[in-house]
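First the structure, in the form of structure tokens, and then the observations on it.
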Number of protein chains: 2
Amino acid sequence: MRFRWKRESRMLSAVMEDYIKAIYAIRSDGQERVSTSALADYLDVTAPTVSSMLKKLEERGLVDREEYKGVTLTEEGELVALEILRHHRLLEAFLTERLDYDWADVHDEADRLEHHVSDELTDRIAEALGNPGVDPHGDPIPDADLSLPEPGDTIRLATVAEGEPVVVRRIRHQGDEELRYLADAGIRPGVELEVVDVAPFGMVTAEIPGGEQSLPEEIARLIEVVPAAEADELEA
Amino acid sequence: MRFRWKRESRMLSAVMEDYIKAIYAIRSDGQERVSTSALADYLDVTAPTVSSMLKKLEERGLVDREEYKGVTLTEEGELVALEILRHHRLLEAFLTERLDYDWADVHDEADRLEHHVSDELTDRIAEALGNPGVDPHGDPIPDADLSLPEPGDTIRLATVAEGEPVVVRRIRHQGDEELRYLADAGIRPGVELEVVDVAPFGMVTAEIPGGEQSLPEEIARLIEVVPAAEADELEA
DNA sequence: TGCAGGGTTTAGATAAGTCTAATTCGCGAA
DNA sequence: TTCGCGAATTAGACTTATCTAAACCCTGCA
């Protein structure tokens with residue numbers, strides 16, 4: 001069943017789409033209801049601005065709002081979020097695979113374009129790439145029906161035992177600096193590595209093809225991995 | 001010499017870019033000075049709207065304005081126009097060549113995206129395509145330094161003598177309908193054809209690979225061709 | 001139980017881009 | 001030379017998205 005005809009007739013402004021995306025992102029980070037101030041922080045605008053925008057989103061039926069408490073996405077709001085996510089992640093994948101972008105640099109370009117590519121173009125990109133299930137950071141890409149593939153089970157690199165070979169599956173991120181750091185370290189989805197040392201203050205040292213890398217704990221915590229054995233299984 | 005750093009620091013709104021593009025397009029159609037009403041027509045807004053926008057563009061140094069007379073692009077305005085043209089035409093070329101779009105359908109998608117692709121992305125697209133000199137309609141693409149390749153000499157199909165084989169070089173257009181018409185007729189840049197008949201009221205019948213096509217004169221006038229002999233020369 | 005402080009909302013202003021209605025300008029015809 | 005008409009501009013209002021300042025709500029601590 002497809003609801004694709006809806007989005008382009010919905011005609012949300014890019015700004016509104018950004019609010020929906022932000023609510024989705026913050027919500028995914030744990031909170032059930034998303035607060036005005038959390039959104040203000042995330043979007044770098046003032047609280048009154050958020051407050052008035054939330055009222056508009058409520059009128060449009062995209063969020064449920066409880067005064068002084070916060071908002072949640074309605075079913076329709078959820079679909080909008082998933083559509084933007086699909087655009088964003090497919091753009092990232094395309095830029096990386098077909099236009100030779102570094103996977104740590106695609107975020108900004110995708111952020112601007114995601115609001116302006118048609119669903120038609122998005123679908124063509126998906127097809128050209130063979131309908132990939134994940135983007136270059138390992139984040140799952142909603143399919144054309146907007147259902148989000150369940151990512152397989154992963155564990156955080158920070159919790160891996162020394163000596164166990166693992167394969168990087170996904171890099172969680174908000175800002176670009178962490179991605180840059182990891183890209184420079186040669187750590188990206190698909191890379192096999194092995195923790196060789198965990199220092200007292202959380203510095204994790206891992207062996208990767210081509211050398212060793214030391215990572216601060218807060219960076220290591222962004223890396224999701226699976227045991228190498230398990231990864232091999234999936235290849236086959 | 002490159003001036004590329006300028007555009008993205010100029011930070012024009014998409015709307016302003018559309019006005020610049022419109023002035024460029026109307027100017028290319030003959031007029032030296034572009035009138036308020038011509039712009040209002042072209043952009044489908046009212047004259048007062050254009051008037052106030054032209055004042056802003058003048059303040060930004062993008063147009064020279066003579067009250068009650070019209071505007072011309074300044075040197076900087078010209079560069080903006082060429083940058084947008086480069087974005088637009090490379091996008092069209094890319095969508096057609098790499099994402100299997102029909103060359104008659106790419107216009108709208110490119111119109112939306114041209115304001116949001118970075119120069120970086122534009123350059124990567126150009127490189128991926130081998131720095132093409134023309135877009136799918138045969139329109140010249142400004143290079144990275146924003147100089148516009150001189151298109152070779154062409155003649156209008158409407159003026160071609162019966163029996164002379166020619167090759168289509170370029171399709172001039174404003175709306176999409178003519179492009180659709182020609183695409184459906186199988187006439188596009190690169191196709192070889194021969195005029196077999198010109199009827200009293202300007203209906204032009206041409207033989208193309210795969211059959212014959214009759215075209216109204218106003219459509220035939222949009223088609224620029226070169227003698228087949230000349231075209232072969234350039235291939236070699 | 002009440003109040004202080006922090007988060008939220010309301011009120012009112014601003015900037016961009018658009019509109020309609022009213023005014024002004026410029027130029028060709030009488 | 002002047003009149004009148006069409007084109008251009010000015011005036012003022014509306015919408016979207018933003019801000020600051022002020023008022024309001026809620027809750028945890030005394």
Side-chain angles (χ1 to χ4, degrees), chain A residues 9-23 26-27 29-73 77 80 84 111-112 114-116, chain B residues 9-23 26-27 29-73 77 80 84 111-112 114-116:
Chain A
S9 65
R10 229 175 339 238
M11 278 300 283
L12 298 186
S13 68
V15 173
M16 280 192 175
E17 291 187 352
D18 278 335
Y19 278 83
I20 296 293
K21 201 175 115 183
I23 295 167
I26 297 172
R27 195 269 325 259
D29 259 15
Q31 278 72 48
E32 182 51 36
R33 276 220 218 74
V34 174
S35 71
T36 299
S37 52
L39 278 166
D41 265 19
Y42 190 94
L43 293 167
D44 200 28
V45 295
T46 63
T49 301
V50 172
S51 204
S52 80
M53 184 57 78
L54 291 181
K55 225 177 300 176
K56 289 172 198 163
L57 292 174
E58 188 184 29
E59 281 161 23
R60 300 281 216 112
L62 299 170
V63 304
D64 286 323
R65 183 162 164 268
E66 232 178 319
E67 291 216 339
Y68 292 97
K69 294 287 179 52
V71 292
T72 56
L73 291 175
V80 172
I84 305 171
D111 262 352
R112 266 177 297 109
E114 63 188 1
H115 306 296
H116 306 284
Chain B
S9 65
R10 232 180 331 243
M11 278 300 282
L12 297 186
S13 67
V15 174
M16 281 193 174
E17 290 187 353
D18 277 335
Y19 278 83
I20 295 293
K21 201 175 116 183
I23 294 167
I26 297 172
R27 196 269 323 261
D29 258 17
Q31 279 72 47
E32 181 51 36
R33 275 220 217 75
V34 174
S35 71
T36 299
S37 53
L39 279 166
D41 266 19
Y42 190 95
L43 292 167
D44 200 28
V45 294
T46 62
T49 301
V50 173
S51 205
S52 80
M53 184 56 78
L54 292 181
K55 226 178 300 178
K56 287 173 198 162
L57 292 174
E58 188 184 30
E59 280 161 23
R60 299 281 217 112
L62 299 170
V63 304
D64 286 324
R65 182 161 165 269
E66 232 176 317
E67 290 216 339
Y68 293 96
K69 294 289 179 50
V71 292
T72 56
L73 291 175
V80 171
I84 304 170
D111 262 351
R112 267 177 297 109
E114 63 188 1
H115 307 296
H116 306 285

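Just so it is clear: chains get the letters A, B, ... in the order the sequence lines come, proteins before strands, and each one is counted from 1.
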Main-chain N/O of B:His116 paired with A:Arg112 side-chain donor or acceptor, under 3.5 Å: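 A pair under 3.5 Å: yes.
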Separation between NZ of A:Lys56 and OG of A:Ser51, rounded to the nearest 0.5 Å: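 Between atom NZ of A:Lys56 and atom OG of A:Ser51 there are 11.0 Å.
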B:Ile84 side, atom CD1; B:Leu12 side, atom CG - distance, nearest 0.5 Å: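 One gets 7.5 Å once the value is rounded to the nearest 0.5 Å.
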Short side-chain N/O contact to C:dG17 OP1/OP2 from B:Ser52, under 4.0 Å: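 The answer is no; no side-chain N or O of B:Ser52 sits under 4.0 Å from OP1 or OP2.
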Taking atom [atom2] of [N] as reference, at what distance in whole Å does atom [atom1] of [X] sit?
X	N	atom1	atom2	value
B:Tyr19	C:dG17	OH	P	9 Å
A:Leu57	C:dT9	CG	C1'	16 Å
B:Lys55	C:dA16	NZ	P	14 Å
B:Leu54	C:dG17	CG	C1'	13 Å

Heavy-atom side-chain contact between [X] and [Y] under 4.5 Å:
X	Y	result
A:Tyr19	A:Val45	yes
A:Thr72	A:Arg27	no
B:Asp18	B:Glu114	yes
A:Lys21	A:Asp111	yes
A:Val15	A:Met53	yes
A:Leu62	A:Val80	yes
A:Leu43	A:Thr49	no
A:Leu57	A:Leu54	yes

Residues within residues 40-51 of chain B bordering DNA chain D, heavy-atom distance below 4.0 Å: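 Listed by number, they are B:Ala47, B:Pro48, B:Ser51.
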Contact list for DNA chain D against residues 65-72 of chain A - heavy-atom distance below 4.0 Å: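 Correct list: A:Tyr68, A:Lys69.
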Boundaries of the DNA chain D segment in contact with chain A, non-hydrogen, under 4.0 Å: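 It runs D:dA17 to D:dT27.
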